[in-house]
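In the text below, chain A, chain B and the rest are named by the order of the sequence lines, each starting its count at 1.
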Protein chains: 2
Amino acid sequence: LLSLSGVGKRYAVGPVQTQVLKGVDLDVKAGDLLSIMGESGSGKSTLLNIMGLLDRPTEGAMRVAGRDVSAMNDDELSDTRNLSIGFVFQAFRLLPRMTASENVALPLTYRGIDRMQALERAQAMLKKVAMGERVDHRPDQLSGGQQQRVAIARALVTSPALLLADEPTGALDPNTGREIMQLFHELNAVEGIAVVIITHDREVARQCVHNAELVEGRITRTAAPTAV
Amino acid sequence: LLSLSGVGKRYAVGPVQTQVLKGVDLDVKAGDLLSIMGESGSGKSTLLNIMGLLDRPTEGAMRVAGRDVSAMNDDELSDTRNLSIGFVFQAFRLLPRMTASENVALPLTYRGIDRMQALERAQAMLKKVAMGERVDHRPDQLSGGQQQRVAIARALVTSPALLLADEPTGALDPNTGREIMQLFHELNAVEGIAVVIITHDREVARQCVHNAELVEGRITRTAAPTAV
Ligand SMILES: Nc1ncnc2c1ncn2[C@@H]1O[C@H](COP(=O)(O)OP(=O)(O)OP(=O)(O)O)[C@@H](O)[C@H]1O
Ligand SMILES: Nc1ncnc2c1ncn2[C@@H]1O[C@H](COP(=O)(O)OP(=O)(O)OP(=O)(O)O)[C@@H](O)[C@H]1O
Ligand SMILES: [Mg+2]
Ligand SMILES: [Mg+2]
């Protein structure tokens, strides 16, 4: 699905240049369930944004379903993203003036699905993340963990081929976190959705088939603590 | 320092009323180090906002340093808050157009401390949360865990009598999380700052002297897993 080779990213803040990613090699195949850990500031979100076609690398190459990303223009990137990728942002990025169900329905309406159908499917997905009772709340009427679950539902509502989740259980108590991991497992096992999870939680990493770590801007594959 | 009795909070969303807090009794004394755990959506942030004078209860009473909160007007609440309370928000709430050091310096400039001094103290505090190398970055140039540490530095820069922290290690890897807990321990032991931490992380709770849980809108004191 995704193939990164020598991917690098540098930023400039004023006169100072920082090389955040230094040469990332990583393949994501259909059905993978991969965790990525690493220190705060090590570049995990930067990497996931590049994988999600939300940002471009400054060095290296990436292929999405066999096509070179640098050969695609912004519209093509945007289409690929909308059709195939579900993204859970570290800071959720819900639209503040829409309710939970409207937020989750949005990717469906972008695909031309009529509003009633979209809202129905949105509410079904919200039930799956135990948010069925707050569908009419706006984000500022939801707790942190509830907002996180709405963001997860929105990423999954289009049944994407690839789910990229940036610390998706960070705001959840251990029990609710387990429910979410169980949902990811199910989607991965039953629907073959490839899942890449950035996490600081070793318990989450333990439940993934493969584990990786971002150290000094490079990916190292670590042994899976438990083979599934 | 703080004394809550029978504190309740209800919200209305359209025609539906929800009683989130149902009768919270809780005392916070100088030098306490308390953790509060509970399910996502159980009311922890709601409770902390009330304790931090950012919100008012709908039932019950609260005293701050012996004074009844309901007898204080908004200016008096605001003064008490600025002088005595440091608050780390679950969503950080940094000002987007200021750098890390400007964000941390802000509470000091509010107290009339001149800008140069305030920025110096801010940068010293940023060093203490291992953010010394990113002082000129704005929030959108920082990782999630870096933003969280800036929010922590801002809450501590005025040496408040009471630190209220809403999931302060949620975005941090285990090592960085340990550094932050060590800092809280030091401030509590050496400067006598009372610390109340909402957390989903049992390891964080284990390092607190007292532990509480919010269940069905009420506080239950649980046994400290380790006495210090
Ligand atoms: N727009 C930007 N300009 C400059 N530097 C940036 C920018 N965005 C991120 N950085 C820097 O890049 C580094 C990596 O950031 P990133 O958000 O990818 O980290 P992370 O591994 O996700 O961290 P966390 O675990 O705290 O979320 C950080 O040191 C950050 O300061
Ligand atoms: N402004 C509001 N209007 C209506 N309901 C609200 C409002 N703010 C919060 N709530 C509801 O109050 C409940 C408690 O919210 P709170 O943010 O205190 O939970 P929490 O324990 O901090 O959860 P988390 O661990 O997910 O951060 C939630 O069920 C939420 O939906
Ligand atoms: Mg991140
Ligand atoms: Mg909360």
### Message
What part of Ala91(A) gets within 4.5 angstrom of chain B, counting heavy atoms only: side chain, backbone, both, or neither?
### Response
neither
### Message
With chain B as the partner, which of Leu142(A), Val16(A), Leu172(A) has the greatest number of non-hydrogen pairs under 4.5 Å?
### Response
Leu172(A)
Donor-acceptor pairs between chain B and chain A under 3.5 Å, which ones?
| residue | atom | partner | partner atom | Å |
| --- | --- | --- | --- | --- |
| Ser40(B) | N | Asp173(A) | OD1 | 2.7 |
| Ser40(B) | OG | Arg149(A) | NH2 | 2.7 |
| Arg149(B) | NH2 | Ser40(A) | OG | 2.8 |
| Ala171(B) | O | His200(A) | NE2 | 3.1 |
| Asp173(B) | N | His200(A) | ND1 | 3.4 |
| Asp173(B) | OD1 | Ser40(A) | N | 2.6 |
| His200(B) | ND1 | Asp173(A) | N | 3.4 |
| His200(B) | NE2 | Ala171(A) | O | 3.1 |

